[in-house]
There are 2 protein chains.
Amino acid sequence: MQQRCNKVFMVNLLKSKNISETPFRKEVLEIFSKYNNAIPLSIVEKELKKYNRITLYRTIKVFLEKGIIHKITISGEDSNYAICQEECNTDAHRHQHIHFKCKKCKTIYCVEINEFPAITLPNYKVEQLEIQATGLCENCNV
Amino acid sequence: MQQRCNKVFMVNLLKSKNISETPFRKEVLEIFSKYNNAIPLSIVEKELKKYNRITLYRTIKVFLEKGIIHKITISGEDSNYAICQEECNTDAHRHQHIHFKCKKCKTIYCVEINEFPAITLPNYKVEQLEIQATGLCENCNV
DNA sequence: TCAATAAATGCAACAACGTTGCAATAAAGT
DNA sequence: ACTTTATTGCAACGTTGTTGCATTTATTGA
Ligand SMILES: [Mn+2]
Ligand SMILES: [Mn+2]
Ligand SMILES: [Zn+2]
Ligand SMILES: [Zn+2]
C-alpha cells in the first residue's frame with residue numbers, strides 16, 4: 001500500500017493531478033489523509049486553521065473532479081468524503097470497496113473487499129455496483 | 001403480488017397506517033403508484049393539480065415515516081422516492097431489492113432480487129446491505 | 001346529521017447548503 | 001523579476017427543506 005499521509009505525497013498528488021499547490025489545498029488534503037475514515041465537511045472546517053466556506057466548497061469540487069477524493073452519500077446523513085485509495089479520475093470512480101457505517105460510533109469507513117459480489121438481473125445489463133453496509137465496525141464489535 | 005394501483009387500495013393504505021385521508025395525500029399516492037419506478041419530487045409537483053411545496057414536503061415526510069414510500073439517495077442526483085413494496089414501518093425499511101439506475105434513460109428502478117448477496121468482513125459485523133446498481137434497464141438493453 | 005375536536009393545509013419567514021460574478025491576491029511559467 | 005494564469009474571498013443569489021401560526025378540512029361521537 002502506498003503511503004498517503006505525508007506532505008511530500010500530498011504535493012506530488014496535487015502535481016500529478018495538474019492542480020496548483022496552495023496552502024489551503026495542502027491543508028485540506030492533510031486533514032483527509034490524517035483520517036482513515038470518511039469525514040463530513042464540518043470536520044474539515046473545524047480542523048482548518050483559516051476556514052473559508054466558499055473556498056472549501058471549491059476545493060472539494062476540484063478534488064472530486066480530479067479523483068483525489070470521493071463523496072459518500074448516505075440517506076439522512078451529511079455528505080462524507082474520503083481520499084481515493086485507487087487511481088481515480090474525473091469519469092471513473094471505480095472502487096473495489098464498500099462503504100460501511102457503524103451503527104454504534106457512526107463512523108463511515110471505506111472498506112476494501114476482495115470478493116466483490118456480482119448481481120445478474122434478467123433483461124438488465126448490470127455494469128457497476130455500489131454497496132453500503134451497516135453494522136458494527138472493528139472497534140465497536142467487541 | 002398485491003394490487004397497489006387503485007383508489008380503494010390507496011385509501012386502505014392510508015387507513016391502515018392511521019393517517020387521515022385527504023385529497024392531497026390521495027393524489028400524491030396515486031402519482032407514486034402510477035409509476036413503476038422511483039421519481040423525484042419535481043415529477044410529483046408537475047403531476048399535482050394543486051401544488052403546494054410545503055404540504056408536499058410534509059406529505060412526503062409522513063409517507064416516509066409510515067413506511068408508505070422510501071427514499072433513494074444517489075450521489076449527484078435529486079432524491080427519488082418510490083412506493084414500498086413490502087411491509088415497512090418507521091424503523092425498518094428492509095427491502096430485498098436493489099436500486100438500479102439506467103445510464104441511458106436515467107430511470108431509477110427498485111428491482112426485486114431473490115439471491116441477495118452477502119458480505120463478510122474480518123472483524124466487522126455486517127448487519128445490512130444497501131445496493132445501488134448502474135447499467136442498462138430492460139427497455140434500453142436492446 | 002351536526003357540533004366539537006383533532007389534524008392538515010398554506011402562508012411567511014427562516015435556515016442549511018451550495019453556487020456564481022467579480023475584484024483582489026497568489027502561484028506558475030518565462 | 002515580470003507576465004500570465006489560477007485561486008481566493010466577498011457579496012449576492014438559488015435551492016431545498018423546516019417551523020410558527022392562523023385557517024381550513026377531516027374525524028369523532030352525541
Ligand atoms: Mn470510499
Ligand atoms: Mn426501492
Ligand atoms: Zn464503530
Ligand atoms: Zn433505461
Side-chain angles (χ1 to χ4, degrees), chain A residues 7-8 10-32 38-66 68-81 90 108, chain B residues 7-8 10-32 38-66 68-81 90 108:
Chain A
K7 295 201 183 194
V8 178
M10 278 347 130
V11 171
N12 286 340
L13 184 55
L14 292 173
K15 272 202 170 67
S16 75
K17 300 288 184 177
N18 257 304
I19 57 177
S20 45
E21 42 169 302
T22 66
F24 195 97
R25 285 175 178 168
K26 280 190 272 185
E27 209 190 340
V28 172
L29 213 44
E30 274 163 41
I31 293 166
F32 276 119
I39 52 173
L41 292 192
S42 56
I43 287 188
V44 181
E45 172 191 332
K46 274 183 217 111
E47 301 228 0
L48 279 169
K49 291 188 208 81
K50 187 166 141 295
Y51 163 64
N52 181 278
R53 206 174 65 94
I54 292 136
T55 308
L56 180 53
Y57 277 126
R58 281 200 268 231
T59 302
I60 293 298
K61 208 176 195 180
V62 171
F63 284 7
L64 286 172
E65 284 165 1
K66 296 288 180 173
I68 293 173
I69 59 174
H70 62 284
K71 188 179 186 174
I72 298 149
T73 311
I74 298 181
S75 183
E77 315 258 340
D78 295 357
S79 290
N80 278 258
Y81 302 87
T90 312
I108 294 169
Chain B
K7 295 201 181 190
V8 178
M10 278 347 132
V11 171
N12 286 340
L13 184 55
L14 292 174
K15 273 202 170 68
S16 75
K17 300 287 183 178
N18 257 302
I19 57 177
S20 45
E21 43 168 302
T22 66
F24 196 96
R25 286 176 177 167
K26 281 190 272 184
E27 208 189 340
V28 172
L29 214 43
E30 273 164 43
I31 293 166
F32 276 118
I39 53 173
L41 292 192
S42 57
I43 287 187
V44 181
E45 172 190 333
K46 273 183 220 112
E47 301 228 0
L48 279 168
K49 291 186 209 84
K50 186 166 143 293
Y51 162 65
N52 179 277
R53 208 174 64 92
I54 292 138
T55 307
L56 181 54
Y57 277 125
R58 282 201 266 231
T59 301
I60 293 299
K61 209 177 194 180
V62 170
F63 284 7
L64 287 171
E65 283 166 1
K66 296 290 178 171
I68 292 173
I69 60 174
H70 62 284
K71 188 178 185 173
I72 298 150
T73 311
I74 298 181
S75 183
E77 315 259 339
D78 294 357
S79 289
N80 278 259
Y81 302 86
T90 313
I108 295 169

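Just so it is clear, the values below take in all heavy atoms, side chains as well, and ignore hydrogens, waters and symmetry mates. None of the values given here were measured: they were computed from a predicted structure. Chain identifiers are assigned alphabetically (A, B, ...) following the order of the sequence lines, protein sequences preceding nucleic acid strands; residue numbering begins at 1 within each chain.
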Original post:
How many angstroms lie between atom OG1 of B:Thr73 and atom CG of B:Asp78, to the nearest 0.5 angstrom?
Top reply: 11.0 Å
Original post:
What does A:Arg58 touch in the nucleic acid at a heavy-atom separation under 4.0 angstrom: a base, only the sugar-phosphate, or nothing?
Top reply: base
Original post:
Which nucleotide, D:dT16, C:dC11, D:dG9, lies nearest any side-chain atom of B:Tyr57?
Top reply: D:dT16
Original post:
Whole-Å distance between C:dC17 P and B:Asp78 CG?
Top reply: 18 Å
**OP:** Could you tell me which non-hydrogen atom of B:Leu41 sits nearest to which non-hydrogen atom of B:Leu56, and how far apart they are?
**Re:** O-CD2, 4.3 Å
Original post:
In terms of side-chain heavy atoms of A:Ser20, which of C:dA8, D:dT7, D:dT18 is nearest?
Top reply: D:dT7
Subject >> Nearest-neighbour nucleotide for the B:Lys61 side chain, C:dC17, D:dT19, D:dG17 considered >> reply: D:dT19
Original post:
Once you round it to whole Å, what is the distance between P of C:dA8 and CG of B:Leu29?
Top reply: 15 Å
Original post:
Looking at B:Tyr81 and B:Ile69, what are the two nearest heavy atoms and their distance?
Top reply: CD2-CD1, 4.0 Å
Subject >> Interatomic spacing from CG in A:Leu14 to CG in A:Leu29 - rounded to 0.5 Å >> reply: 5.5 Å
Subject >> Residue whose closest nucleotide on DNA chain D lies nearer the 5' end, A:Thr22 versus B:Leu41 >> reply: A:Thr22
Original post:
Hey, is the side chain of A:Arg53 pairing donor to acceptor with the base of C:dG18 inside 3.5 Å?
Top reply: yes
**OP:** Could you state the atom-to-atom distance from CD1 of B:Ile60 to C1' of D:dT16 in whole Å?
**Re:** 13 Å
**OP:** For A:Asn18 and C:dA28, give me the distance from atom CG to atom P, rounded to whole Å.
**Re:** 11 Å
Original post:
Of all the nucleotides listed (C:dA8, C:dC11, D:dT8), which has the minimum atom distance to the side chain of B:Ile54?
Top reply: C:dC11
**OP:** Report the distance from atom CG of A:Leu14 to atom C1' of C:dA26, rounded to the nearest whole Å.
**Re:** 15 Å
Subject >> Value in whole Å for how far the C1' atom of C:dA27 lies from CD1 of A:Ile19 >> reply: 13 Å
**OP:** For residues A:Phe63 and A:Arg25, determine if any side-chain heavy atom of one lies less than 4.5 Å from a side-chain heavy atom of the other.
**Re:** yes
Subject >> Closest listed nucleotide, where the reference is the side chain of B:Asn52 and the choices are C:dG10, C:dA28, D:dG17 >> reply: C:dG10
Original post:
So which one's nearest nucleotide on DNA chain C is more toward 5', A:Lys71 or A:Pro23?
Top reply: A:Lys71
**OP:** Could you state the atom-to-atom distance from CZ of B:Phe24 to C1' of D:dA26 in whole Å?
**Re:** 16 Å
Original post:
The side chain of B:Ser79 lies closest to which of these nucleotides: D:dT8, D:dG17, D:dG9?
Top reply: D:dG17
**OP:** Check the distance between C:dT25's C1' and A:Lys50's NZ and give it to me in whole angstrom.
**Re:** 10 Å
